[in-house]
Amino acid sequence: MSMAGNLRKVTGLDKVSGLRKVARLARRRTRVDLSHPARSPLGSAVVNCVAYQDGARVPGGRDLVDTVERVRRKDDGFVWLGLHEPTDQEFVGIADLFDLHPLAVEDAVEAHQRPKLERYDETLFAVFKTVCYVEHKELTATSEVVNTGEIMVFVGADFVITVRHGRHGSLGPLREELEADPHQLAKGPATVLHAIADHVVDDYVNVTDSVQSDIDQVEADVFAENGARADAGRIYQLKRELLELKRAVVPLARPVQELATSPIRVIDPEIQAYFRDVSDHLLRATEQIAAFDELLNSILQAHLAQVTVSQNEDMRKITAWAALIAVPTMVCGVYGMNFEHMPELHWTFGYPLVLGVIATICLVLYRGFRRSGWL
């Protein structure tokens, strides 16, 4: 029988006899020393493991099994276990200890999941896409604007497991903020889930604000005096990065709405009110992204129209100069024919007269093209 199954069984038995059984079973399991993650079976995937009681951090807790035992023995508080890109082998013991569903474990290990919310018996599994704005001096056709990662959250009655993928989105500062508010943290694991959702959505809003500055710059370049010469690749690149942001933000609307409105056993109704605020912020980010997408489409269409107009102007100039060159070419072609009887061939002023006629016609054509804007 798994460790998690024995721990659940203890909750319905005599505490003393039950804890003895837990202790015997725990001795059979490989202990996880969180103080030396590099030498532990979990490797470097373990970021932190802390027990909380009445919103306050419980001292100690170097061993995961001991930490869980202590929380469940007192039947109060919860454990927050943080992981970063764990492997299958590193997650096996944790999945058994907390009785996590295999499908959810597979999603947490493999990553590359869409934002979603799933329920497995007494456990809630949520997936969040994290985003960050990549700073760059100048937007080019290959600039990376948005970088994405993932945070998976398992929420149970007495535990929270966070699995993070990607180089950004660290939850260390968030943990410190929660620990600074014991009253809120005392409300249970759902408080951590709300804080993570709020943190992720706030990042969405910040990133969209930063992306707006890039869009404003592209818009200014396109409608500048030489806007037709602007690089269209920058617009396409910005649209691709915006699409990546859209894939992270838009699918999260339904899970957050469900957290805010649907009755969920591990989510206290008081906490659900906070999720409604998260839903409002998410709606703002979603609407802003949709507006950016429409604006970029308009900018792209305007740029293509400018390119077409510029090409038409170039063609008019070429046509005008071709017409000017055609006049002397035609006259010279006529007088280049080897006929004996041609007008003005033996006249002294015939040559300068022809040159004058050519110059006059070219001048009239030039002034006409200038007045019409072709030159």
Side-chain angles (χ1 to χ4, degrees), residues 1-9 22 25-52 61-72 78-130 148-172 174-175 189-190 192-193 195-197 200 255 266:
M1 186 179 292
S2 67
M3 183 67 184
N6 284 279
L7 290 175
R8 290 198 308 275
K9 197 172 182 180
V22 170
L25 290 170
R27 282 194 292 270
R28 299 175 190 174
R29 181 182 296 280
T30 304
R31 312 298 281 184
V32 179
D33 185 5
L34 298 177
S35 63
H36 303 287
R39 297 201 299 266
S40 72
L42 292 180
S44 60
V46 175
V47 177
N48 209 339
C49 179
V50 180
Y52 296 95
R62 287 188 172 185
D63 187 272
L64 176 59
V65 178
D66 289 340
T67 302
V68 174
E69 288 176 7
R70 184 168 61 253
V71 169
R72 291 178 175 174
F78 65 95
V79 177
W80 183 355
L81 174 63
L83 304 174
H84 180 255
E85 298 183 354
T87 62
D88 291 326
Q89 294 76 16
E90 292 170 339
F91 217 109
V92 169
I94 297 173
D96 290 341
L97 180 60
F98 294 100
D99 194 22
L100 303 179
H101 196 279
L103 292 177
V105 172
E106 181 182 357
D107 290 343
V109 173
E110 295 296 332
H112 305 295
Q113 304 295 321
R114 295 178 76 252
K116 61 182 179 179
L117 180 69
E118 296 179 346
R119 307 184 198 185
Y120 297 99
D121 296 330
E122 302 297 322
T123 303
L124 196 66
F125 178 63
V127 178
F128 300 95
K129 281 280 191 180
T130 59
T148 61
E150 292 178 51
I151 295 179
M152 287 81 166
V153 186
F154 295 88
V155 181
D158 54 8
F159 68 88
V160 175
I161 302 174
T162 55
V163 183
R164 185 168 59 87
H165 292 267
R167 296 182 180 180
H168 66 277
S170 174
L171 298 177
L174 180 63
R175 185 190 292 266
V192 179
L193 178 62
I196 293 174
V200 169
V266 295

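In this chain, numbering begins with 1 at the start of the sequence shown. The analysis underlying the following values was restricted to heavy atoms, covering all of them including side chains, and did not include hydrogens, waters or symmetry mates. These figures come from a predicted structure and were not determined experimentally.
Here L124 contributes atom CG and L117 contributes atom CG; the two are 4.5 Å apart, rounded to the nearest 0.5 Å. The CD atom of E122 lies 13.5 Å from the NE2 atom of H101; values are rounded to the nearest 0.5 Å. Atom CZ of residue R164 and atom CD of residue E150 lie 12.5 Å apart, to the nearest 0.5 angstrom. Going from atom CD of E118 over to atom CG of D107 covers 6.0 Å, rounded to the nearest 0.5 Å. With values rounded to the nearest 0.5 angstrom, E90 atom CD is found 3.5 Å from T87 atom OG1. D96 CG to F91 CZ: the interatomic distance, rounded to the nearest 0.5 Å, is 11.0 Å.
Smallest separation of non-hydrogen atoms from A95 and V105: CB-CG2, 3.8 Å. Contact record, A190 with V155: N-CG1, 4.5 Å, taken as the closest heavy-atom pair. For the residue pair K116 and P255, the shortest heavy atom distance occurs at CA-CG, 3.7 Å. The minimum heavy-atom distance linking A157 with P189 is given by the pair O-CG, 3.8 Å. Considering every non-hydrogen atom in both G156 and V266, the closest pair reads C-CG1, 4.1 Å.
Side-chain contact between V163 and P86: present, with at least one pair of heavy atoms (C-beta onward) separated by less than 4.5 Å. Taking 4.5 Å as the limit, some side-chain heavy atom of L100 sits within range of a side-chain heavy atom of T123. For the pair I196 and L171, the minimum side-chain heavy-atom distance is below 4.5 Å. You'll find the side chain of V200 stays beyond 4.5 Å of the side chain of K129, heavy atoms only.
Each of Y120, F125, F98, F159 was compared with F154 under the ring-ring contact (aromatic ring centres under 6.0 Å, His included) criterion, and only F125 meets it.
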What's the verdict on side-chain contact (heavy atoms from CB on, under 4.5 Å) for N48 and W80, showing C-alpha distance, side-chain angles and the deciding distance? CA-CA 8 Å; N48 209 339; W80 183 355; over 6 Å; no

So T130 and H168, side-chain hydrogen bond (donor to acceptor under 3.5 Å, both in side chains) or not? Walk me through it. CA-CA 8 Å; T130 59; H168 66 277; 3.1 Å; yes

Given the rule in the side-chain contact (heavy atoms from CB on, under 4.5 Å) test, do V79 and V50 qualify, once you have shown the distances and angles that lead to the verdict? CA-CA 6 Å; V79 177; V50 180; over 6 Å; no

Report the C-alpha separation of I94 and L81 in whole Å, then their side-chain angles, then the decisive distance to 0.1 Å, and conclude whether the side-chain contact (heavy atoms from CB on, under 4.5 Å) test is met. CA-CA 10 Å; I94 297 173; L81 174 63; 3.7 Å; yes

Show your working on side-chain contact (heavy atoms from CB on, under 4.5 Å) between R114 and V127 and close with a plain yes or no. CA-CA 7 Å; R114 295 178 76 252; V127 178; over 6 Å; no

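Using a distance-only test at 3.5 Å, with no hydrogens or angles considered, no donor-acceptor pair links the side chain of R119 to the main chain of D121.
The six-membered or imidazole ring of Y52 lies near that of F78, with a centre-to-centre distance under 6.0 Å.
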